[in-house]
Colleague: 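Take a look at this one; I'll ask things after.
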There are 2 protein chains.
Amino acid sequence: MSEAMVEDILRSNHLSVTTPRRRILGWFLKKDSALSHHDIEAGTQRSFDRVTLYRTLQTFLEKGIIHIVPSTDNVIRYALCKEACKEGHHHDDHVHFVCDACGTTQCMDKITIPAVRLPKGYRVRQIGMVVTGICGRCR
Amino acid sequence: MSEAMVEDILRSNHLSVTTPRRRILGWFLKKDSALSHHDIEAGTQRSFDRVTLYRTLQTFLEKGIIHIVPSTDNVIRYALCKEACKEGHHHDDHVHFVCDACGTTQCMDKITIPAVRLPKGYRVRQIGMVVTGICGRCR
DNA sequence: ACTTAACTGTAATAAGGTTGCAAAGTGACA
DNA sequence: TGTCACTTTGCAACCTTATTACAGTTAAGT
């Protein structure tokens, strides 16, 4: 089921289907939350080299398969792009929620970021929003 | 002028006044934008050890003199807390602006973050917001 | 099946961050 | 102003995270 989906995503992005890529993308689909480099390494039993992971994440980023979630703890976390993200132009203008209890970072795709009024002369290109607290599952 | 202010801030936080702390805090006051570890090292001519900088930033964080600005590039940036931030309880619920042109990160203290409606069961503790684009000075 | 181009693993290197301990500086007090 | 206790700094070693180069392997199209 999910296995077919993985191949689908890879092929539609003109990427060849390899074992590491299958594992990594499969893990994203399974977890359905933002993952750090470390999370992925641990989750996939280190069945490939660290370097491959770095490169794969970079490739996925460029293709718009994943996006970076803003954080305050010096750990890059990546999450699947749900909406159609074109190459180089992401649609990650949604709210991210970090749960203090379970530690997961979730994309709230349904909730769009409210508009902000900035001073004169400022031009906005992108907005990121991170909400921390207790998520629905943990309370 | 700023020199007296530096000592003032340190003393009112019950910290002894030392050369590294003076330099680091002075640099924050002078630049008035969010600074990374690297920015500070470069700006202060490495007149103290790397470790001292790590420890000083940690201390300033704990005292509420500075706060961490969320980012998407894996670089922690710190900014002065303008409002009275009590020890352990920060008031950094303001918008941060990252300029694509000059690369600076500014705290928009005047602009509060708009409220967001989250699904049932979610409890919010803190909200961070990062806007990227072109700032008033650069356009 | 063959060939080309893309991808991966290994190793070496760089950058970023942490810890323990001895030496030096700070602030309080006589 | 000198002394003392305590805090802070600098150094060295170490660990983790990230990047680059290159050779070997694998995938996809014909």
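This is a predicted model, so every value here is computed, not measured. Note on naming: letters A, B, ... go to the chains in the order of the sequence lines (proteins, then strands), and numbering restarts at 1 for each one.
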Colleague: Hey, does the side chain of B:R50 come within less than 4.0 Å of D:dT9's phosphate (OP1/OP2), counting only N and O?
Modeller: no

Colleague: Round to the nearest Å and state the distance from A:K63 atom NZ to C:dC7 atom C1'.
Modeller: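 Whole-Å distance recorded here is 13 Å.
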
Colleague: Any donor-acceptor pair under 3.5 Å linking the side chain of B:R125 with the backbone of A:I134?
Modeller: no

Colleague: B:F60 has an atom CZ; how far is it from atom P of D:dT8, in whole Å?
Modeller: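 Nearest whole value for this atom pair: 11 Å.
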
Colleague: Taking the side chain of A:T52 as heavy atoms from C-beta outward, which of C:dG9, D:dG10, C:dG27 is closest to it?
Modeller: C:dG9

Colleague: Give the rounded distance in Å between these two atoms: CG of A:L10 and C1' of D:dA28.
Modeller: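 Interatomic distance, CG of A:L10 to C1' of D:dA28: 14 Å.
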
Colleague: Does OP1 or OP2 of D:dT20 have a side-chain N or O of A:R55 closer than 4.0 Å?
Modeller: no

Colleague: Toward the 5' end of DNA chain C, which comes first, B:I76 or B:R22, by nearest nucleotide?
Modeller: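 Between the two, 5'-proximity favours B:I76.
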
Colleague: Do any side-chain nitrogens or oxygens of B:S16 fall under 4.0 Å of OP1 or OP2 in D:dT8?
Modeller: yes

Colleague: Any donor-acceptor pair under 3.5 Å linking the side-chain atoms of A:Q45 with those of A:S47?
Modeller: no

Colleague: Take the protein atom CZ of B:R21 and the nucleotide atom C1' of D:dG10, then report the distance between them rounded to whole Å.
Modeller: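 Going from CZ in B:R21 over to C1' in D:dG10 covers 14 Å.
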
Colleague: Would you say CZ of A:R139 has more than 12 non-hydrogen atoms from neighbouring residues, nucleotides or ligands within 6.0 angstrom?
Modeller: no

Colleague: Nearest whole Å is fine: how far is C:dT8 P from A:R46 CZ?
Modeller: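 My rounded result for the distance is 18 Å.
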
Colleague: Rounded to whole Å, how long is the line connecting atom CD of A:E41 with atom P of D:dT17?
Modeller: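 These atoms are roughly 8 Å apart.
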
Colleague: Is the shortest side-chain N/O distance from A:N74 to OP1 or OP2 of C:dG16 below 4.0 Å?
Modeller: no

Colleague: Would you mind telling me which of D:dA28, D:dT19, C:dG27 lies closest to the side-chain atoms of A:Y54?
Modeller: D:dT19

Colleague: Pick the nucleotide of DNA chain D nearest each of B:T19 and B:V51; which residue has the one closer to the 5' end?
Modeller: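 Per heavy-atom nearest nucleotide, the more 5' residue is B:T19.
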
Colleague: Filter on salt bridge (charged side-chain N to carboxylate O under 4.0 Å, His left out), then keep only pairs touching residues 38-56 of chain B, sequence neighbours left out; what's left?
Modeller: none

Colleague: Does the plane of the ring in A:H67 sit parallel, tilted or perpendicular to the ring in A:H96? Use 30° and 60° as the thresholds.
Modeller: tilted

Colleague: In terms of the nearest nucleotide of DNA chain C, which residue is placed more toward the 5' end: B:T18 or B:H37?
Modeller: B:H37

Colleague: Give the rounded distance in Å between these two atoms: CG of A:D49 and P of D:dT20.
Modeller: 16 Å

Colleague: Grab the CZ-P distance between B:R11 and D:dT7 for me, whole Å please.
Modeller: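 Computing the B:R11:CZ to D:dT7:P distance gives 17 Å.
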
